[in-house]
Amino acid sequence: MFQLQNMNYRLLVFFCALSSSLFAQQTEIVDFTRATAEIEILPFEKMVEGKVQYEFKILQKTDSVYLDARNMEFSIPNSDSKIKLNPSSEKLWLIFPFEKDKTYQVHFSYSAKPSQTMYFVGWENEGSNQVWTQGQGKKTSYWLPSIDDLNEKIEFDLTISAPKPYEVVANGLLKTRTEISDSVTAWNFDMSHPMSSYLVALAVGKYHSENLSSKTGVPIKLFYEPKDSAKVEPTYRYSKEIFDFLEEEIGVAFPWEVYKQVPVRDFLYAGMENTTLTIFAQTFVIDSVAFIDRNFVNVNAHELAHQWFGDFVTEVSSEHHWLQEGFATYYALLAERQIFGDDYYYFKLYQ
């Protein structure tokens, strides 16, 4: 039986080599390095409004570059920038005689009613109202002007405003929480490293959280709806053990500053490994009796493994999606072996 028990940096070196072997056309011309966005969620209107600033470096002389932006309306603030912005139904073109090796900034305001990728759940009735995003297999550019190309990695620093009393969870460390009016709170999140745009994510809902810390000191935040407080332990059982095991087994320190998990209603899949923020289906929120038959352990480990294989290093295109999914599936099974033992492990391999 072929087993890869002692994978470490060699896996990541191989994956990085594959990821760098091909480049989409625009990534040879421009490198978008940082996005700073102020986003307001308007859930009753199923709408998003925002102000965005991008920093980018020109790699080859060109007269235009673009952001992906689908079915959005733009307004351009008065500024000293000479960059002309020309929107289409799918892109926002930045037009200027850009010079090689120079860095530029552009900023603008936009609004959108996303037809996909951002979902508004329950706002027609009072109850467990939520907003959540799903970028993989969809396109973040339906709610945030960004780059759909998986090879372009950007540092996203987001400030997200949402109605009170809803909690906002998004990529990165929560830096500040500011009440900007009697009815709206702004949540500021900071990322220290770049990531692919499809991994930008947020969830809005009535959440509480429990805080853990990994053996290496990484903060782990586990979110839940207040009514599910008795289900927190069985739902998130072994979370710290899984984290510590994967960090040691992979041999590479967890590549981000924080790790969060949040359940949402009507989710499209079992779970999604957004950078620093796994969003997963509410159906995995279970009690100790249900844990025996259907628990979150495998999905928990699978999505966490993606923080290395998928987020830290990313497929070149969807044709290579099997590779990062294969790594996550493999490491999830190793984590289950650590928890449930060899008999469980070999039975799963037999299946």
Side-chain angles (χ1 to χ4, degrees), residues 119 121 128 130 132-134 136-137 167 169 171 199 201-203 205-215 218-247 249-250 254 256 258-311 324-341 343-345 347-349 351:
Y119 300 92
V121 179
S128 298
Q130 295 179 345
W132 48 264
T133 60
Q134 170 58 33
Q136 188 177 68
E167 185 101 1
V169 190
N171 311 93
L199 296 166
L202 62 85
K206 293 182 178 178
Y207 292 114
H208 289 177
S209 65
E210 289 199 2
N211 300 322
L212 305 176
S213 181
S214 74
K215 184 186 297 185
V218 176
I220 304 170
K221 295 183 70 67
L222 311 175
F223 289 87
Y224 61 94
E225 293 185 78
K227 66 179 182 59
D228 293 325
S229 59
K231 298 179 179 180
V232 173
E233 190 283 323
T235 297
Y236 289 113
R237 189 173 294 171
Y238 304 120
S239 287
K240 174 176 165 51
E241 290 87 343
I242 292 169
F243 193 105
D244 292 339
F245 170 77
L246 288 180
E247 193 166 35
E249 178 70 20
I250 293 170
F254 184 72
W256 314 103
V258 66
Y259 185 56
K260 294 170 273 191
Q261 298 186 81
V262 58
V264 300
R265 299 185 177 278
D266 299 340
F267 194 53
L268 301 175
Y269 310 106
M272 176 61 203
E273 69 278 7
N274 309 293
T275 308
T276 74
L277 171 60
T278 286
I279 293 176
F280 67 96
Q282 177 71 24
T283 52
F284 284 105
V285 178
I286 45 89
D287 59 24
S288 291
V289 175
F291 181 91
I292 299 169
D293 295 317
R294 187 177 191 271
N295 58 64
F296 183 52
V297 173
N298 181 269
V299 176
N300 190 342
H302 180 104
E303 305 307 338
L304 178 56
H306 272 309
Q307 296 293 320
W308 286 268
F309 301 100
D311 296 6
Q324 62 194 48
E325 290 300 329
F327 277 122
T329 299
Y330 173 75
Y331 276 110
L333 187 55
L334 289 189
E336 287 188 296
R337 183 186 194 179
Q338 178 75 10
I339 293 167
F340 299 126
D343 289 346
Y344 178 94
Y345 172 73
F347 179 66
K348 285 292 186 180
L349 289 182
Q351 287 183 314

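Keep in mind that the numbers below use all heavy atoms, side chains included, and drop hydrogens, waters and symmetry copies.
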For the side chain of [X] and the backbone of [Y], is there at least one donor-acceptor N/O pair under 3.5 Å apart?
{"X": "Asn171", "Y": "Ala201", "value": "yes"}
{"X": "Tyr119", "Y": "Phe267", "value": "no"}
{"X": "Glu233", "Y": "Thr235", "value": "no"}

Got a second to check how far [X]'s [atom1] is from [Y]'s [atom2], nearest 0.5 Å?
{"X": "Ile220", "Y": "Phe243", "atom1": "CD1", "atom2": "CZ", "answer": "5.0 Å"}
{"X": "Thr329", "Y": "Phe309", "atom1": "OG1", "atom2": "CZ", "answer": "12.5 Å"}
{"X": "Lys348", "Y": "Asp343", "atom1": "NZ", "atom2": "CG", "answer": "13.5 Å"}
{"X": "Leu268", "Y": "Gln136", "atom1": "CG", "atom2": "CD", "answer": "11.5 Å"}
{"X": "Tyr238", "Y": "Phe291", "atom1": "OH", "atom2": "CZ", "answer": "5.0 Å"}
{"X": "Leu212", "Y": "Lys240", "atom1": "CG", "atom2": "NZ", "answer": "7.5 Å"}

Worksheet entry | Exceeds 12 heavy-atom contacts within 6.0 angstrom, atom CG of Asn211 | yes
Fill in: Lys227 atom NZ, neighbour heavy-atom count above 12 within 6.0 Å
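Yes.
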Item to complete: Sort and list the pairs that fulfil side chain to side chain donor-acceptor pair (under 3.5 Å) and have at least one residue in residues 275-284, not counting sequence neighbours.
Response: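 Non-adjacent pairs meeting side chain to side chain donor-acceptor pair (under 3.5 Å): Asp228-Gln282, Tyr259-Thr278.
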For the student: nearest non-hydrogen atoms of [X] and [Y], plus distance:
{"X": "Pro263", "Y": "Val285", "result": "CB-CG2, 3.7 Å"}
{"X": "Arg237", "Y": "Ser288", "result": "NH2-OG, 3.2 Å"}
{"X": "Ala301", "Y": "Leu246", "result": "O-CD1, 3.8 Å"}

Practice prompt. Determine which pairs satisfy salt bridge (Lys or Arg N to Asp or Glu O under 4.0 Å) with at least one residue from residues 259-288, sequence neighbours left out, and list them in order.
Written response: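 For residues 259-288: Glu225-Arg265.
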Do the non-hydrogen side-chain atoms of [X] and [Y] ever get within less than 4.5 Å of each other?
{"X": "Gln134", "Y": "Met272", "value": "yes"}
{"X": "Val264", "Y": "Tyr207", "value": "yes"}
{"X": "His306", "Y": "Glu325", "value": "yes"}
{"X": "Asp311", "Y": "Trp256", "value": "yes"}

Discussion item. Tell me whether the rings of Phe254 and Trp308 are parallel (<30°), tilted (30 to 60°) or perpendicular (>60°).
Written reply: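 Phe254 and Trp308: perpendicular rings.
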Practice prompt. Describe, in one word, how the ring planes of Phe296 and Phe284 are oriented to each other, choosing from parallel (under 30°), tilted (30 to 60°) and perpendicular (over 60°).
Written response: tilted
Worksheet item: Stepwise, does the side-chain contact (heavy atoms from CB on, under 4.5 Å) test hold for Asn300 with Asn295?
Response: CA-CA 9 Å; Asn300 190 342; Asn295 58 64; over 6 Å; no
Fill in: Ring-face cation contact, Tyr344 with Arg337, 6.0 Å cut, 45° max
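No, Arg337 does not lie over the aromatic ring of Tyr344.
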Fill in: Intermediate values then yes/no, side-chain contact (heavy atoms from CB on, under 4.5 Å), Glu336 and Ile242
CA-CA 8 Å; Glu336 287 188 296; Ile242 292 169; over 6 Å; no
Fill in: Residue among Val121, Leu202, Val262 satisfying side chain to side chain contact (heavy atoms under 4.5 Å, CB included) with Trp132
Val121
Discussion item. Under 6.0 Å between ring centres: does that hold for Tyr236 and Tyr224?
Written reply: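 No, too far apart.
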Discussion item. Test side-chain contact (heavy atoms from CB on, under 4.5 Å) on His208 and Ser229; report intermediate values, then the result.
Written reply: CA-CA 8 Å; His208 289 177; Ser229 59; over 6 Å; no
Discussion item. Could you walk me through whether Glu303 and Phe280 satisfy the side-chain contact (heavy atoms from CB on, under 4.5 Å) test, starting with their C-alpha distance in whole Å, then the side-chain angles of each, then the deciding distance to 0.1 Å, before giving a yes or no?
Written reply: CA-CA 9 Å; Glu303 305 307 338; Phe280 67 96; over 6 Å; no
